[in-house]
A.B. asks: 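Have a look at this one.
We name chains A, B, ... by the order of the sequence lines, and we start the count at 1 in each one. All heavy atoms count here, side chains included; hydrogens, waters and symmetry mates do not.
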Amino acid sequence: GQQVMQIPQYQHVQEGEDFTTYCNSSTTLSNIQWYKQRPGGHPVFLIQLVKSGEVKKQKRLTFQFGEAKKNSSLHITATQTTDVGTYFCAGASTGNQFYFGTGTSLTVIP
Amino acid sequence: DTGVSQNPRHKITKRGQNVTFRCDPISEHNRLYWYRQTLGQGPEFLTYFQNEAQLEKSRLLSDRFSAERPKGSFSTLEIQRTEQGDSAMYLCASSSTSGSTYNEQFFGPGTRLTVL
């Protein structure tokens, strides 16, 4: 079955440092979504990528979709304490069954 | 509040009992998803509806689980003969197939199930 893996599982950074999480799928994806989940909260949609090689930016966040549509990354520039949470990618290959990654838990040390 | 709502927020039950959860999606959303999430893991897909039709169901889903969306609005998820391994947060999400938020999943607060 389809698997979506994320690395790293945990990341601790000093405030102001950059952060990147990587997402890899065992199958080619039709689209990939990214979500953020704060402790005790529910996932909140960040972005959706559809095209091969697509790059999208949201302020300090940069999202990329790989050329082969099997991997993706989220990069945060100059982290802030408000960035704390777990970041999940969710990929769909055929249909609309989304497979969530294992998540990367980000801790920002002030 | 026009977000996704779920009831109850917490459910404690004894092993072997049946439980039912309800999800009320954002009113104009035609897609509705059910996920299960355990501590330290990402949401695990269970099933999804487009309007009242159940289009996909996880192959990993036991036949003790059933979901309905009879009028294409709210949905219910029933678990029969609960087991301790069913303890988890059950999340509902809804999305639209049109508009500026196309395919964006809006999650509800979840129902936390504890099976004793």
A.B. asks: Are more than 12 heavy atoms from other residues, nucleotides or ligands located less than 6.0 Å from atom NZ of A:K56?
C.D. replies: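 It does: A:K56 NZ has more than 12 such atoms within range.
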A.B. asks: For the atom pair CZ (B:R59) and CD (A:Q97), what is the distance rounded to the nearest 0.5 Å?
C.D. replies: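 Those atoms lie 7.5 Å apart.
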A.B. asks: Using a 6.0 Å cut-off, check whether atom CG of B:L116 has over 12 heavy atoms from anything other than its own residue.
C.D. replies: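 Above 12, so yes.
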A.B. asks: Below 4.5 Å from any heavy atom of chain A, which atoms of B:Q105 appear? Answer side chain, backbone, both or neither.
C.D. replies: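 Both backbone and side chain.
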A.B. asks: Relative to chain A, which of B:G110, B:S58, B:G108 shows the most heavy atom pairs under 4.5 Å?
C.D. replies: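 Of the options given, most contacts go to B:G108.
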A.B. asks: More than 12 heavy atoms of other residues, nucleotides or ligands under 6.0 Å from CD1 of B:I12: yes or no?
C.D. replies: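 No, the 6.0 Å shell around CD1 holds no more than 12 heavy atoms from other groups.
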A.B. asks: Under 4.5 Å from any heavy atom of chain B, what part of A:Q6 do you find: side chain, backbone, both or neither?
C.D. replies: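 No part of it gets close to chain B.
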A.B. asks: Which atoms of A:F98 come close to chain B, meaning under 4.5 Å heavy atom to heavy atom: side chain ones, backbone ones, both, or neither?
C.D. replies: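 When you check distances to chain B, atoms from both the backbone and side chain of A:F98 fall under 4.5 Å.
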A.B. asks: Decide if atom CZ of B:R15 counts as having more than 12 heavy atoms of other residues, nucleotides or ligands within a radius under 6.0 Å.
C.D. replies: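 Not more than 12 within 6.0 Å, no.
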A.B. asks: Quick one: closest heavy-atom pair of B:N103 and A:Q33, and the distance?
C.D. replies: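 Smallest interatomic distance, heavy atoms only, reads O-NE2, 2.7 Å.
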A.B. asks: For the hydrophobic clusters of this structure (ILVMFWY residues joined by side-chain heavy atoms under 4.5 Å, transitively), does one cluster hold both B:L46 and A:V4?
C.D. replies: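 Not linked; separate clusters.
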A.B. asks: Quick check on A:Y22: does its OH atom have over 12 non-hydrogen neighbours (other residues, nucleotides or ligands) under 6.0 Å away?
C.D. replies: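 It does not: A:Y22 OH has 12 such atoms or fewer within range.
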A.B. asks: Working to the nearest 0.5 angstrom, can you tell me the gap between A:Y35 OH and B:F107 CZ?
C.D. replies: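 So the OH of A:Y35 and the CZ of B:F107 are separated by 5.5 Å.
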A.B. asks: When rounded to the nearest 0.5 angstrom, what distance separates CZ in B:F106 from CZ in A:F45?
C.D. replies: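 Interatomic distance, B:F106 CZ to A:F45 CZ, rounded to 0.5 Å: 8.0 Å.
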A.B. asks: More than 12 heavy atoms of other residues, nucleotides or ligands under 6.0 Å from CD of A:Q58: yes or no?
C.D. replies: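 Yes, enclosed.
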A.B. asks: Measure B:Q37 against the heavy atoms of chain A and call it side chain, backbone, both or neither at under 4.5 Å.
C.D. replies: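 Interface part for B:Q37: side chain.
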A.B. asks: For B:Y33 and A:N96, which heavy atoms make the closest approach, and how far apart are they?
C.D. replies: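 B:Y33 and A:N96 have their closest heavy atoms at CE2-O, 3.2 Å.
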